[in-house]
Every structure is written in C-alpha cells, then in structure tokens.
*Asks:* 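What follows is a structure written as structure tokens; I'll ask about it next.
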Amino acid sequence: MNLMEILALVAIGGVAGFINVLSSGGSMLTLPLLMFLGLPAQVANGTNRVAITLQSITAVGTFLRAGHSNLAVSIRLSIPAVAGALLGAWTATWIPRPVFEGVLITAMIGAAIFMLLPQPRLDTRPLTPERLGIPEYFSLFLIGLYGGFIQVGVGALFVVVLYRMLKIDLPQVNVIKVFVILIYTLPALAIFALNDQVLWGMGLVLALGNMAGAVVAVRVNMGSRGAQWIKWLTLVMVAAILVRLIW
C-alpha cells in the first residue's frame, strides 16, 4: 500500500463505519474500494470483514458503556444469524468472480432503492424475548445468510425485520443490529481466512477508519436533516461506484 491508498482506506472506512452504525450501506463503499485497489472480488469480500468485525466491537462496546443494550434479545437473534452466515460465507469463497460481481451490482442497486424509500412512522414498543417466534428467527437466518455472503446493505434488512415487522424504534434497532452483526461476522471472517481470502494489513487499515466512524456515530444524535445529508452523500458515492463497476 502507498500513502494515497492508506488515506483512501481510512477516509472511506470512516464514512462507512459512521453509516453502518446509524443506518446501512457502508460496505457499498468499502467493498468496491478494495476491488478498485486491485483485490480479487472474494479477497475484497473477506478483507472487508476485518473492518466490519472491529467496527462492530467498537460500536457494541460504546453502546454498552452508554447503557444501551438488549442482550437477551440480541443473543437469541444471533443464533440463527450465525447459522446463516456460515453457509453464506462458505458459498462466497467458491462462487465464480463474474457471478459475485453481478450479485454485488444487483445488491448495491437494491440497497440504493431501499434507501430512497420513505420510512413509515410506526407506533413502536420495546422488544422482549417473548415477542420472538419462528418468523423472526427464520428472518435472522436469512439475514445471516446474506450478510455472510456479501454484507452490502444488510442494515436495510434489519430495518425491515426489527422496525417494520417487530415495530421497535430505530435507535434500538441499531443497538441490536451491531451486536448481531458482530456475532455472525466472527465465524464468517474465520471461513474467509481459512480459505486465504483475507489481506490482514489492508483490512486493519480500513478498520481504523471504520472504528473511528463507529465511535462518532454512536455518540452523535442525528437530526432528520443530518440523516438526509448522509443518505444523499451515500447515494451519490454509490452511483459513481456502480458506473465504475459496470463500465
């Protein structure tokens, strides 16, 4: 890595870590960046998990120190997510590169469209273990499957399940989301590492940015105008990346 590559990794990682904690879409920036820097698709996919893991550890720790947690629910939802992530990560290690890039482009377009949709205002209530059933556990298995495979836009799926289905408020969605992502990313990262699809040096540099962005996101109280600014900034960057990928 040269100096410009290191600066790009830290800068984009910072934006991605901030976005990942508050909403979703950070991997829509970091995964293509790693590919632009010359990493094969599968190696970029595995290397990105280093940053996701350390970012999630940082976010979970900061949430816990601030007194925000829902461990009883988060642990239960992590179990099916881990099962799905193991299958998803294993599939991602052997899928042909053209197929993976096609899935990446499709996932980025889908996530961008979801970001444009208005979030409905719902009457929310606390989430307790008693409210969890087979549909919720199966949904988390599918989220883990997708997250283990590619991770791009996975936060949007958490919003669908936790906010729209279970009707819990968005700050609590973020608390549960970062915990579950941390738990299922650890075994997924191990699978990529065992298949020699992780560049640890580049992943750790990217993680520096992700961790800094995660800390800021946990501490910032985003207003509606700030959230809109982040959304449009992300969409502009994603559009540029899609043009480059398709070209």
Side-chain angles (χ1 to χ4, degrees), residues 17 20-24 26-27 45-46 48-95 103 107 111 114 124-195 197-198 207 210 214 218:
N20 278 338
V21 173
L22 286 179
S23 56
S24 66
S27 290
N45 193 22
N48 189 47
R49 308 312 170 102
V50 179
I52 294 296
T53 299
L54 294 177
Q55 162 203 295
S56 299
I57 291 173
T58 302
V60 168
T62 308
F63 273 133
L64 289 175
R65 287 192 296 273
H68 303 300
S69 67
N70 193 340
L71 291 178
V73 168
S74 299
I75 291 172
R76 284 172 170 81
L77 293 177
S78 297
I79 295 172
V82 167
L86 289 170
L87 178 59
W90 173 76
T91 303
T93 59
W94 55 262
I95 193 170
V103 173
F114 182 86
T124 59
R125 53 197 173 115
L127 181 57
T128 60
E130 293 74 25
R131 293 179 57 199
L132 300 177
I134 293 177
E136 289 74 30
Y137 289 123
F138 183 67
S139 297
L140 264 294
F141 170 80
L142 295 179
I143 288 176
L145 178 67
Y146 176 82
F149 181 81
I150 199 170
Q151 185 70 23
V152 172
V154 73
L157 302 180
F158 278 96
V159 171
V160 170
V161 174
L162 298 179
Y163 179 65
R164 300 196 180 199
M165 286 178 54
L166 291 171
K167 296 180 173 61
I168 66 173
D169 61 69
L170 289 174
Q172 190 62 24
V173 169
N174 290 331
V175 171
I176 296 173
K177 176 187 71 179
V178 296
F179 184 92
V180 175
I181 288 176
L182 170 61
I183 299 302
Y184 80 60
T185 301
L186 290 170
L189 175 60
I191 289 178
F192 286 110
L194 289 172
N195 284 273
Q197 294 183 357
V198 175
N210 278 59
V218 170

*Asks:* Under the side-chain contact (heavy atoms from CB on, under 4.5 Å) test, which residues partner Phe138, sequence neighbours left out?
*Replies:*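 So Phe138 forms a side-chain contact (heavy atoms from CB on, under 4.5 Å) with Phe141, Leu142.
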*Asks:* Please identify each residue that fulfils side-chain contact (heavy atoms from CB on, under 4.5 Å) with Leu182, with sequence neighbours left out.
*Replies:*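 Listed in chain order: Thr53, Ser56, Ile57, Val60, Leu186.
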*Asks:* Looking at Phe192 and Ala89, what are the two nearest heavy atoms and their distance?
*Replies:*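 Taking every non-hydrogen atom into account, CE1-CB, 3.9 Å.
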*Asks:* Taking distance alone, no hydrogens or angles, what donor-acceptor pairs closer than 3.5 Å link side-chain atoms of residues 145-153 to residues at least two apart or in another chain?
*Replies:*
| unit_1 | atom_1 | unit_2 | atom_2 | d |
| --- | --- | --- | --- | --- |
| Tyr146 | OH | Val152 | O | 2.4 |
| Gln151 | OE1 | Tyr184 | OH | 3.0 |

*Asks:* Considering residues at least two apart in sequence or located in another chain, which fulfil the side-chain contact (heavy atoms from CB on, under 4.5 Å) criterion with Pro135?
*Replies:*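 Checked Pro135 against side-chain contact (heavy atoms from CB on, under 4.5 Å); zero matches.
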*Asks:* Hey, could you give me the CD/CZ distance between Gln197 and Arg49, rounded to the nearest 0.5 Å?
*Replies:*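 One finds 10.5 Å between CD of Gln197 and CZ of Arg49.
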*Asks:* Tell me the closest heavy-atom pair linking Leu86 and Pro187, and the distance in Å.
*Replies:*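 Result for this residue pair: CD2-CB, 3.6 Å.
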*Asks:* Would you call Val161 and Leu140 a side-chain contact if the rule is heavy atoms closer than 4.5 Å?
*Replies:*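 They are in contact (side-chain heavy atoms under 4.5 Å apart), so the answer is yes.
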*Asks:* Can you give me the closest heavy-atom contact between Asn45 and Ala92, atom names plus distance?
*Replies:*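 Nearest heavy atoms, Asn45 then Ala92: ND2-CB, 3.7 Å.
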*Asks:* Any side-chain heavy atom of Ile79 within less than 4.5 Å of one from Tyr137?
*Replies:*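 No; the side chains remain at least 4.5 Å from each other.
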*Asks:* Show the nearest heavy-atom pair for residues Leu189 and Gly46, with the distance to one decimal.
*Replies:*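 Answer, listing the atom of Leu189 first, then Gly46: CD1-O, 3.9 Å.
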*Asks:* Quick check for you: to the nearest 0.5 Å, what is the distance between Ile183 atom CD1 and Ile75 atom CD1?
*Replies:*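 Between atom CD1 of Ile183 and atom CD1 of Ile75 there are 7.5 Å.
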*Asks:* Going by the rule side chain to side chain donor-acceptor pair (under 3.5 Å), which residues pair with Asn48 if we only count those two or more places apart in sequence or in a different chain?
*Replies:*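 Expected list: Ser27, Thr30.
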*Asks:* Just so I know, are the side chains of Asn195 and Trp90 near enough to count as touching, which here means a heavy-atom distance under 4.5 Å?
*Replies:*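 In short, these two side chains do not touch, never coming nearer than 4.5 Å.
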*Asks:* Going by the rule side-chain contact (heavy atoms from CB on, under 4.5 Å), which residues pair with Val73 if we only count those two or more places apart in sequence or in a different chain?
*Replies:*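 Here the qualifying residues are Asn70, Leu77, Leu127, Pro129, Leu132, Ile176.
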*Asks:* Any side-chain heavy atom of Ile168 within less than 4.5 Å of one from Arg131?
*Replies:*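 Yes; the side chains approach each other to less than 4.5 Å.
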*Asks:* Once you round to the nearest 0.5 Å, how far does OG of Ser74 lie from CD1 of Ile181?
*Replies:*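 Answer rounded to 0.5 Å: 11.5 Å.
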*Asks:* Which atom pair, heavy atoms only, marks the closest approach of Ala207 to Leu54?
*Replies:*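 Minimum heavy-atom contact is CB-CD1, 3.6 Å.
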